[in-house]
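Below is one structure; the comments refer to it alone.
Note that the structure is a prediction, hence the values are computed from the model and not measured.
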Amino acid sequence: MDPVWTLFSRRTYSQIAYWLSALGYNLRDPSASNRLYLGYFILFWLGWAAAVFALFGGLFAQVIRSLQWTEPFAQTAALAVGFLSSYALLALWRAARRSPFIFREEDRFLLCMTPVDRRQVGLAWFAMGWLGEVLPFAAGAVIAAFGLVELEISGRVSVLQFGLYLAAALRALTIVLPLQAALLAAVWGLGARRLHGQSDWPALIFASPALAVLLGASAWQFGALRGLLLPLGWPLQIAFEHQPAALTWSGACLLSLVECVGGLALLASQSKRMHLGRAGQETARLALIQAASALGNSELAGVESQRQRLGPLHAPSTLPAGSGAAAVLWKDTVQTWRAPRWDVLFRWVLIFSAALGMFWAGKSPGNLPLQLILAGLWAILTGAQSTRRLRSDLARWWLLRSLPIRPAALLRSELLLSWAASTLLCWLALALARLDGAQTIAGFFLAPCLSAGAAYAAAFDILRRSQARTLMAPSLAEENVPGLNIGGVLAGLLAVLIPFSLLAAASADPRQAYLLSLALPVGLASAYAGERLALQELRQIK
């Protein structure tokens, strides 16, 4: 067997074995009992998949009824055309900027430097990429087919009608999967064309926006552009049609297969001269990110993703700030701006939601326990989020320790951005809660103290468990830096709940309005104590 396909078969086998083991079957066990278990394993997951697809198909049918579609089969096909077109345009946009062929670090120095047939590499890597992307389209096709069948039989489901569901799913799969493979192969072929030689193909940068405009015009049926979507729209219309004629369905399947073969032919012709070394250089870090994500190591994946975004593709940033701690603050600002992540945004949404809840609950009497619970959740989330940059810099302790910056200024600069963000979110939550005037003013001044108290409590917990010999150990991410522990959680709860409980008690009982005057001093004292303790631990790291 050719070495390229040998490598493909081994990696595909490893991936299948990994996912089967996650589902409960060991593919590498040759025992007879394991082979007998395979039958039960297949039947169980087929039944589970049928139940799940039937459930989502019923939800899809309910959505169609609520939208009152007059032609559900044709409109479902139009929806499928929109999804596949958008998917292809997005894939083309990515292929215009980096190689669609993703090579690991070892591939970069072994496979990409060997005189193997580039066409076989392109087809093998496409097969691996297609296997990783086809499942959502297969699931969507089956769900849509199930939903249309349920819509057609008006909810009168019986065991005898299982054949209708199965036939509809097979009709959809035999057309949707080849079309998806055709689009992906064509995009990969254009991506291989970009890898010819050492220069980019400038026209590919504008291909995705230009095609988006043409397809949008075709969707509005502007003159001769109406035929642009016909090779994609007609087979999909047959795929979701109710019991089409056998000859019509065969023609749609044949057209889909012809388009798939055409896409593969384009890929094979364009990958003959592609530069594998350049593809490996562009995607080695991306392969590491994908491997870390597949293994559940989100921290390593996030750090490597940030390194990729802050790599040589960006121009060096200027320093509008001054020297010393201001340079560290500017570094954190650039990293935050250039490396946005959805999980980080989601955490800030949670922080804002907790802040809104803990202030909003104060409008009704008797909600003091709920306020304290939400305030405790806010303290934990804020503390964990505020120390992200601190943990990232502690992972480079050899560099951080050599900076000519006073420890107090360094600690403040590490927490300043997150402190400002959490404070602004607290003020926004206060404005939306619309408390009484005195309570709003007290909360306005108390919010910075609460944010600082939560941040310094989390920093104190991390710094007290940090040791130089551990921080200096080789690592790829912040895995040698301690995370927020139960001690930091308790410290953050004390730093936030004590002053906030005074504000909440005064909001719940107007007779205790004098507690508002105590909340701010207690909050200031709590934040100051947290800063002193965290600073002491930072100085004692040896």
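Under 4.0 Å is where a charged nitrogen must lie from a carboxylate oxygen, and between Glu414 and Arg391 no such pair does. Taking a cutoff of 4.0 Å between a charged side-chain nitrogen and a carboxylate oxygen, Arg401 and Asp393 do not qualify as a salt bridge. With respect to the salt-bridge test (charged N to carboxylate O, under 4.0 angstrom), the residues Arg412 and Glu531 qualify.
Side-chain atoms of Leu368 and Leu372, non-hydrogen and from C-beta on, do get closer than 4.5 Å to each other. Inter-residue side-chain proximity for Trp427 and Thr423 is flagged as met; some heavy-atom pair is nearer than 4.5 Å. Residues Met358 and Leu377 are not in side-chain contact: their nearest non-hydrogen atoms beyond the backbone lie 4.5 Å or more apart. For the pair Leu356/Leu432, a side-chain contact is recorded, criterion being any heavy-atom separation below 4.5 Å from C-beta on. Residues Arg98 and Gln281 form no side-chain contact, since every pair of their non-hydrogen atoms from C-beta on lies 4.5 Å or further apart. Residues Leu450 and Leu446 meet the side-chain proximity criterion, which asks for heavy atoms closer than 4.5 Å. The side-chain heavy atoms of Arg11 and Met128, taken from C-beta on, include a pair separated by under 4.5 Å. Looking only at side-chain heavy atoms (C-beta outward), Phe352 and Leu428 come within less than 4.5 Å of each other.
Residues Leu503 and Phe359 share a closest heavy-atom pair of CD2-CE2, 4.1 Å. When all heavy atoms are compared, the tightest approach of Thr387 to Ala384 is OG1-O, 3.2 Å. When all heavy atoms of Val328 and Ser413 are compared, the closest pair comes out as CG1-OG, 3.7 Å. Closest heavy-atom contact between Met274 and Phe101: SD-CE1, 3.6 Å. Taking each heavy atom of Val187 and Ala95 in turn, the nearest pair found is CG1-CB, 4.0 Å. Taking every heavy atom of both residues into account, Trp378 and Cys426 meet most closely at CZ2-SG, 3.4 Å.
Remark: Arg406 pairs with no residue by the salt bridge (charged side-chain N to carboxylate O under 4.0 Å, His left out) rule, at least two apart or across chains.
Ring pair Trp69/Phe60 is perpendicular by interplanar angle, where above 60° counts as perpendicular and below 30° as parallel.
Taking the six-membered ring wherever Trp is involved, the centroid distance between the rings of Phe137 and Phe83 does not fall below 6.0 Å. Checked against a 6.0 Å centroid threshold, the rings of Phe103 and Trp125 count as neighbours.
Between the side chains of Ser386 and Ser418, not a single donor N or O lies within less than 3.5 Å of an accepting N or O.
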